[in-house]
Structure formats: C-alpha cells, structure tokens
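A short write-up of the structure that comes next.
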2 protein chains.
Amino acid sequence: MIFVIMKEIMFSTMLQATRKLERGTHLVTLNDVAKKANVSKMTVSRVINHPEQVTDELKKLVYEAMQDLNYRPNAAAKALANNRTQIIKLLILEEMDTTEPYYMFLLTGIANELDKSAYSLQLLTHKNIQIGDSDGYIVCGMRKQDEELVKSLKKPTVIYGKNDIGYDYVDSNNESSMERATEYAIRDGYEKIVYIGIDVDEPFALSREKGYAKVMEKYGREKCLYRLENRSRYSARFIRDNWADFPKNTLFLCASDRLGMGVIREIKEKGYDIPNDYGVIGHDGVFLDQIAYPHLTTLKQSTAEMGAACARMVLKKVKENGKPQGSELFETELKLGGTTRNQVKQSSLS
Amino acid sequence: MIFVIMKEIMFSTMLQATRKLERGTHLVTLNDVAKKANVSKMTVSRVINHPEQVTDELKKLVYEAMQDLNYRPNAAAKALANNRTQIIKLLILEEMDTTEPYYMFLLTGIANELDKSAYSLQLLTHKNIQIGDSDGYIVCGMRKQDEELVKSLKKPTVIYGKNDIGYDYVDSNNESSMERATEYAIRDGYEKIVYIGIDVDEPFALSREKGYAKVMEKYGREKCLYRLENRSRYSARFIRDNWADFPKNTLFLCASDRLGMGVIREIKEKGYDIPNDYGVIGHDGVFLDQIAYPHLTTLKQSTAEMGAACARMVLKKVKENGKPQGSELFETELKLGGTTRNQVKQSSLS
DNA sequence: TTAATTTCTGTTACCGATAACACCTGAAAT
DNA sequence: ATTTCAGGTGTTATCGGTAACAGAAATTAA
C-alpha cells in the first residue's frame with residue numbers, strides 16, 4: 001500500500017496525472033517490461049507464450065526485466081485477447097449433505113492448481129446450474145441420469161470418477177484399492193470377509209466389488225457381498241438384522257467409511273470387541289475415519305492430488321483444443337486404525 | 001444450444017467469415033445488441049450500469065434486444081475496462097482436516113452469489129497463500145495470529161466470523177444460539193447443565209459461553225463450564241475422567257457437534273441411556289449431527305446463507321470502494337435429535 | 001555476388017467493455 | 001428572440017494482452 005500511495009503522490013506531484021493513473025492501479029504491464037528490456041511488447045508476449053520463437057539473448061533480458069518489475073500478467077486482458085474466460089466450472093451433481101466432505105479437499109486441489117495458471121473457479125451445484133461461459137468443466141458425482149447434461153457441455157470436460165461414456169477422467173484405483181484391503185483382511189487373520197457395498201450401478205462401486213471378488217477367488221474364499229444405500233443407519237440395521245450370519249472373526253469390508261461407522265456402532269452395541277471379535281475396514285479416509293471410535297482402518301484417497309490432476313487435465317485439454325487426455329488413476333493408501341488387528345507386516349503387502 | 005449452431009451455420013453460409021469469427025465464438029456482444037436496438041453500444045452499456053441516465057423508451061428497446069439475442073456480458077472485457085479482476089479470493093486459514101465440513105456449504109453459498117455478478121472464486125489455504133490480484137477477500141477461520149496477514153490485504157475484505165479488529169463480518173449469532181439451547185435444556189427437564197466449550201480465545205467461543213452463562217444466571221442455576229480442544233476423543237476422555245461429577249439427569253451442552261460426539265460415545269460406553277439418563281446438545285448441525293447415533297440435537301447454522309451474505313457484502317464493498325458494511329448475524333436453528341427428551345413445546349421458546 | 005530463404009522482431013488491429021468528452025436537442029431564463 | 005443550461009446520446013481513446021502481417025537481418029543457394 002505504501003508503495004501505491006507513494007507512486008500516486010509522485011505522479012500527481014509531477015503533474016503527470018495521465019488517464020491511466022486516474023483509472024487504475026495495476027502496476028506492471030507488458031509494456032513496462034518491454035521498455036525495461038528494450039524490446040517491443042510483442043517480444044515479451046512471445047517470451048511468455050512461444051519462447052522458442054525468441055533468441056536466448058532477448059529471452060534473458062526479458063526474464064530479468066520481468067523479475068525486476070515483478071511482472072504479473074493480467075488475466076482479464078489475456079482472457080479477452082484469447083477469447084477465453086480463464087474460468088473453469090466445477091459441477092457437483094451430488095447432494096452434498098448426503099456425501100462425505102471430501103469435496104473440500106478436491107476443491108482445494110483444483111483451486112491451487114488453477115491458481116498457478118491464473119485460472120479461477122466457478123462452482124455449480126445441481127440446484128444452480130447456470131452453464132455460462134467458461135473454458136472447461138470438471139464434473140463430480142456424475143450418475144447415469146446426468147449423462148445427458150454432461151454431454152451437452154460444449155467445452156473441454158474432465159470427469160472426477162470413472163465413466164462409461166468415454167470422457168477423460170481422474171479417479172482412485174478402486175479395484176486395486178479393494179484388492180489390497182481384502183488381501184490385508186485375510187492376512188490379518190479374519191476368517192470370513194463380508195463386503196458391504198454401495199447400492200448404485202456406477203463404475204466406482206463395481207470396481208470396488210471387483211477388487212474384493214478377485215482376491216477372494218484367488219484365495220479360494222467364499223464371497224459374501226451385500227449392497228446398501230450409503231448411510232450408516234442402513235449398515236447398522238443390516239448388521240442387526242443379519243447378525244446370525246456373522247460368526248466371530250468376521251471382517252466387514254465397507255465401500256465407504258460411512259457404512260463402516262454404522263457397522264462399528266452396531267457391533268459395539270452388541271457388546272463385542274473390535275478388532276478382536278470383528279474387524280472393519282472402510283474406504284475414503286477423508287474425515288469420518290477419524291471421527292469413528294476406534295479410528296477406522298480405511299483406504300485413504302489422495303483427494304487433493306486428484307483434484308489437482310483434474311485441473312491439470314482440463315487446462316491441458318483447453319490448451320490442446322479439446323484433445324482427449326485419457327485417464328489417470330490414483331492409488332489409495334491403506335491407513336491402519338483400531339478396527340483391524342494389524343498383525344501383518346506392511347512390507348509383505350503387494 | 002441449437003441456437004448457437006444455427007447462428008454459426010448462417011454466418012458461414014453467408015461467406016462472411018470475419019476475423020472475429022475465426023478467432024472465437026463469443027456470440028453476442030454489446031455491439032450486436034446496440035445494432036439490434038438501433039443505438040450506440042455506449043447506450044447499451046449505460047442501460048446496464050447507469051440505467052437512470054437513459055430514457056425509458058430506449059431502455060425498453062435495449063432490454064428487448066438483450067432478451068432476443070440472449071446477451072451475456074463478457075466478464076473479461078468488463079474486468080479489463082474497469083481495472084477489476086472479477087475475482088474474489090477466499091482465504092481459509094484453518095486446517096481443514098481438523099474442522100467440520102461446513103466449508104463446503106459456505107463455499108457453495110459464496111460461489112452461487114458470486115456467479116450472479118459474473119464473479120469467480122479463488123481458494124487460498126494456509127499452505128498456498130499467493131495473494132495475487134483480486135477485487136476483494138473473504139477470510140474464514142481467522143485466529144489471532146492471522147490478524148497481521150489479514151491486515152496486509154490491500155482490497156475490500158469481509159471476515160466470516162466475528163472479530164475484534166473492526167473488520168466487516170458475517171457470523172452466526174453464537175450468543176443467542178447458546179441462550180436458546182440452554183433455555184431448552186432447562187425446560188426439557190435436565191437438572192444440571194454442563195457446558196463443554198472449545199479452548200480457544202476467539203470471539204465465537206466466548207460468545208457461546210456468554211449465552212450459556214447468561215441463561216444459567218437468569219434461572220439461578222449453577223454454572224459448570226469446561227474448555228477442551230475441539231476433538232471428540234478429548235471430550236470422551238473428559239467425561240471418563242470426571243464421571244463422578246455428573247449425576248444422572250445432566251445435559252452436556254457442547255460448543256461443537258464434534259465434542260458432542262465424544263460425549264455421546266462415552267456415555268453409551270458407560271451403559272447409560274441417552275436422552276433419559278443424560279442429554280447432549282451440539283452445535284453446528286452441518287454433518288456430524290447426522291452421523292451421530294442417536295442423531296444429535298444441535299444448533300444448525302445457515303452456512304450457505306452466511307456464505308452468500310459474505311459474498312454480497314464483499315461485492316457491495318468493492319462497488320462502494322471499500323466502504324465499511326458493518327456486520328450481519330444469522331440465527332441458528334434448534335434442530336432436535338435423539339439426544340434430548342424433547343418434551344418442550346417449541347412454540348414456548350423465545 | 002546476388003537472389004531466395006529463413007529467422008527473428010516490430011507494427012497494427014482487435015478482443016468487448018467503459019469513462020471522458022463532445023455534441024445535439026429542447027425547455028427555461030433573460 | 002436569443003442565450004443558458006440540462007438531459008440524453010454518440011464518439012473516441014483506453015484497459016493489457018495476442019494473432020496476423022510486415023519488415024529487417026542473417027543464412028543459404030545459385
């Protein structure tokens with residue numbers, strides 16, 4: 001602030017109050033850099049956007065000038081000239097109050113990455129879908145019924161979550177995640193491994209089931225797979241209603257921490273010990289696992305990193321005029337809590 | 001969208017491919033509206049920004065033209081001309097993984113409101129404070145140690161949360177919130193009301209305590225007030241360690257749902273009944289109250305509305321060149337769960 | 001040595017909006 | 001009837017960048 005004020009005083013003292021100064025205070029422009037480096041502003045612009053077209057010598061001069069003046073490009077001007085908006089819209093199609101709070105981490109990851117490219121974010125929820133101008137979209141929580149909407153988007157789009165409609169996406173490697181968990185459960189000495197999945201016909205749910213099924217077959221264990229709505233009271237009720245089917249030394253492998261919490265609650269209610277009598281493993285590892293008591297053993301997603309990856313992917317796609325980017329899968333981390341016995345050497349895991 | 005395609009076809013058919021069309025596709029500009037309405041673009045601009053300077057007759061023409069063409073102002077151009085950025089930065093100074101997920105709701109509220117004014121959001125966290133260009137700031141989770149940082153901001157700033165440093169803010173009415181809860185607890189027949197607060201020296205914590213204290217005095221009850229770090233394991237341990245002090249028919253009034261969860265857990269652990277033997281009331285009502293079993297009776301904050309209010313306040317402040325806006329307090333809603341007896345007629349509450 | 005390229009840099013026009021100014025009307029004042 | 005003035009509208013320059021083109025210098029080819 002002091003600097004700004006000083007600058008203003010200096011100028012008005014010099015009676016040089018140009019229109020530019022009256023209007024605004026953006027300090028350093030391309031022009032300033034250009035003057036300092038004794039080149040045209042086009043050259044400076046090239047150094048930034050097409051450095052290969054500029055001599056090393058000039059590039060050096062320009063870089064130094066930019067450093068000295070602490071040049072920061074004006075996103076609005078850039079946007080206007082490129083016919084871009086410098087905005088990426090994030091569509092959240094899920095009800096947020098029924099969902100776990102990992103969105104916040106996802107958002108943080110996205111936002112930090114966008115910032116680096118002077119992009120900003122607009123958040124749209126199912127309640128507020130004003131598909132205005134933007135350079136691209138990131139879509140989360142997409143279900144089958146949202147496909148039409150997503151297909152109607154006219155700009156580069158990346159989906160957070162595997163999908164069947166050929167869109168570029170970023171996701172956790174749900175299959176390998178559950179493989180690892182199942183393997184761990186078996187090695188941790190649990191006899192029966194019951195899978196409690198989420199009752200939606202979506203790729204993420206199917207992948208998780210597949211991971212479980214694969215390892216159970218590999219070990220010749222009997223599969224035991226259920227599907228519930230993703231709410232702790234349903235998993236609690238499920239345990240209560242089917243208690244006879246679950247002998248001691250059973251582990252419940254849950255497709256979400258939320259389901260895991262219901263399971264824990266009900267086992268404690270029955271007076272059994274976790275992890276000795278029964279084990280529980282959840283999935284997501286964002287928040288609920290820490291709220292649970294004992295802390296849930298869970299598969300922790302790298303939510304913020306995945307957000308960053310989404311952002312990088314859309315931006316790249318924007319730059320390359322919508323060119324397909326494929327997909328990116330992130331491994332989860334098995335985070336041990338107090339709901340498993342944890343007698344396995346971590347190093348012995350694949 | 002059909003409209004878009006048609007328009008493109010029309011133009012190319014007419015072999016009128018101007019440079020504008022080659023470069024981009026922003027459809028309708030001020031100029032287009034101006035032509036359609038037979039006025040200059042300056043008039044259109046005035047209709048938008050200074051309608052009082054334009055005849056009703058022309059205004060009508062212009063509005064119609066805008067409607068017909070579905071005109072959407074170009075935020076980048078506007079930003080550039082006004083020497084603005086059309087960006088508001090949100091600073092989250094708290095660790096998000098120790099905090100409840102209400103930020104997501106806050107964010108939604110902010111984002112929706114900003115959208116309406118073609119503003120977008122940039123999210124900054126304590127890990128990533130790149131205070132670049134923006135027109136204003138919204139700050140959340142500010143603690144004493146952050147005051148310097150906040151004071152160094154050079155643009156209109158609104159704080160989410162009451163503060164002592166004279167900044168405009170939006171917050172829940174924490175005092176009246178706890179007054180209501182205390183009153184309710186008493187009327188619901190609990191003999192002893194224990195307050196479990198959060199151990200930070202911040203206005204929100206103090207206001208909540210004050211609300212409790214006030215009503216306890218009013219009813220001539222003995223105050224019993226503790227402060228803990230905001231984690232469920234601490235409140236659980238606290239209950240365990242001081243169990244002797246809590247006869248049956250005690251209600252624990254907690255400054256957060258998180259603390260409330262620890263209390264519930266420990267009471268259940270001891271084998272007592274909630275809500276008959278003991279009562280629990282939490283605060284926040286964003287997410288954890290629904291995870292708790294039984295559901296927590298809590299004071300639900302209007303988080304999204306407060307977010308919207310923050311956004312409106314910064315935008316107003318930006319428009320009015322930083323003019324102070326005062327503060328805005330939102331009442332919480334007493335949301336009854338299974339942790340209180342709920343024998344009180346709601347209507348009898350103040 | 002001169003013509004033909006290639007490589008690099010500068011000039012111009014433009015993106016879509018706005019403030020300042022110029023101008024033009026008609027009503028009020030003299 | 002002429003001057004003043006106010007309100008209402010159009011013109012111009014500008015915000016800070018970038019693409020397209022033009023032009024100069026350095027290479028290469030002949």
Side-chain angles (χ1 to χ4, degrees), chain A residues 17-35 37-62 66 69 71-86 117-118 132-133 135 319 321, chain B residues 17-35 37-62 66 69 71-87 117-118 132-133 135 319:
Chain A
T18 63
R19 199 164 174 195
K20 176 183 166 186
L21 262 178
E22 285 157 28
R23 286 247 239 134
T25 57
H26 188 77
L27 298 171
V28 184
T29 72
L30 264 195
N31 235 323
D32 300 327
V33 176
K35 275 180 202 151
N38 277 314
V39 296
S40 73
K41 54 182 202 166
M42 205 48 229
T43 301
V44 181
S45 171
R46 283 199 188 94
V47 169
I48 296 169
N49 300 301
H50 311 284
E52 75 285 358
Q53 299 177 6
V54 180
T55 327
D56 288 350
E57 192 185 8
L58 283 191
K59 255 188 293 207
K60 185 157 168 285
L61 281 177
V62 171
M66 295 198 310
L69 300 176
Y71 170 71
R72 297 272 164 259
N74 180 319
K78 182 174 198 152
L80 183 57
N82 288 331
N83 197 31
R84 290 265 162 77
T85 60
Q86 301 291 120
S117 308
D133 262 5
D135 295 344
K319 195 190 287 177
N321 280 306
Chain B
T18 63
R19 196 164 174 195
K20 176 182 167 188
L21 263 180
E22 284 158 27
R23 284 245 242 138
T25 56
H26 189 76
L27 298 169
V28 183
T29 72
L30 265 196
N31 236 323
D32 301 327
V33 177
K35 275 180 204 153
N38 278 315
V39 296
S40 73
K41 52 184 202 165
M42 205 48 228
T43 300
V44 181
S45 172
R46 282 198 189 95
V47 169
I48 296 169
N49 300 300
H50 311 283
E52 75 284 359
Q53 298 177 8
V54 181
T55 327
D56 288 349
E57 191 186 7
L58 283 190
K59 254 188 295 208
K60 185 158 167 285
L61 281 177
V62 171
M66 294 199 309
L69 300 176
Y71 170 71
R72 297 273 164 258
N74 179 319
K78 181 174 199 152
L80 183 58
N82 289 331
N83 198 33
R84 291 264 163 79
T85 60
Q86 300 292 119
I87 289 171
S117 308
D133 262 5
D135 296 344
K319 195 190 286 177

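In what follows, chains are A, B, ... by sequence order, proteins preceding strands, each numbered from 1. Owing to the predicted nature of the structure, the values given are computational and were not obtained by experimental measurement.
- You'll find that the side chain of B:M42 is closest to C:dT18, out of D:dT18, C:dG16, C:dT18.
- Computed from coordinates, the B:Q86 CD to C:dG16 P distance equals 16 Å when rounded to whole Å.
- Within the 4.0 Å cut-off from OP1 or OP2 of D:dG8, not a single side-chain nitrogen or oxygen of B:H50 is found.
- Remark: A:K319 engages no residue in a salt bridge (Lys or Arg N to Asp or Glu O under 4.0 Å) (not counting sequence neighbours).
- Contact of A:K78 with D:dG16 (side chain to base): no donor-acceptor pair of N or O atoms is detected under 3.5 Å.
- Within 3.5 Å, no donor on the side chain of A:R84 pairs with an acceptor on the base of D:dG17, nor the reverse.
- Sequence order on DNA chain D of the closest nucleotides to B:V54 and B:A77 puts B:V54 first from the 5' end.
- The nucleotide whose nearest atom lies closest to any side-chain atom of A:S45 is, among D:dT18, C:dA17, D:dG17, D:dT18.
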task = Check the pair A:S40, A:T43 against side-chain contact (heavy atoms from CB on, under 4.5 Å), reporting the backbone distance first and the verdict last.
result = CA-CA 5 Å; A:S40 73; A:T43 301; 3.3 Å; yes
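- Rounded to whole Å, the distance from NZ on A:K41 to P on C:dT11 is 11 Å.
- Rounded to an integer number of Å, the gap from CG of B:D32 to P of C:dC15 is 11 Å.
- Picking from C:dC15, C:dA19, D:dG17 the nucleotide with the shortest atom distance to the side chain of A:L80 gives C:dC15.
- One can place CG of B:N83 at 13 Å from P of C:dA20, the figure rounded to the nearest angstrom.
- Here A:S40 reaches the OP1 or OP2 of C:dG10: one of its side-chain N or O atoms lies under 4.0 Å away.
- Following rounding to the nearest Å, B:E57 (CD) and D:dG8 (C1') show an atom-to-atom distance of 12 Å.
- Screening B:V44, B:L30, B:V62, B:D32 against B:Y71 for a side-chain contact (heavy atoms from CB on, under 4.5 Å) leaves a single residue, B:L30.
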request  = Kindly determine whether A:T55 and A:K60 satisfy side-chain contact (heavy atoms from CB on, under 4.5 Å), including the steps that lead there.
outcome  = CA-CA 9 Å; A:T55 327; A:K60 185 157 168 285; over 6 Å; no
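- Under 4.0 angstrom from either OP1 or OP2 of D:dG10 there lies at least one side-chain N or O belonging to B:T43.
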task = Might you work through the side-chain contact (heavy atoms from CB on, under 4.5 Å) test for B:N38 and B:L61, ending with a clear yes or no?
result = CA-CA 8 Å; B:N38 278 315; B:L61 281 177; 6.0 Å; no
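- Side chains of A:D135 and A:T85: a donor on one and an acceptor on the other come within 3.5 Å.
- Atom-to-atom, NZ of A:K35 to C1' of D:dG17 comes out at 15 Å; the value is rounded to the nearest Å.
- Residue-to-nucleotide contacts include a donor-acceptor pair under 3.5 Å from the side chain of B:R46 to the base of D:dG10.
- In this structure, the CG atom of A:L30 is 20 Å from the P atom of C:dC14, given to the nearest Å.
- Across all strands, B:N31 comes closer than 4.0 Å to no nucleic acid atom at all (heavy-atom distances).
- For A:N82, no side-chain nitrogen or oxygen approaches OP1 or OP2 of C:dC15 to under 4.0 Å.
- Of the side-chain N and O atoms in A:N74, none sit less than 4.0 angstrom from OP1 or OP2 of D:dC15.
- Phosphate contact (OP1/OP2 of C:dC8, side-chain N/O of A:T55, threshold under 4.0 Å): absent.
- Note: CD (B:E52) to P (D:dT9) measures 12 Å, nearest angstrom.
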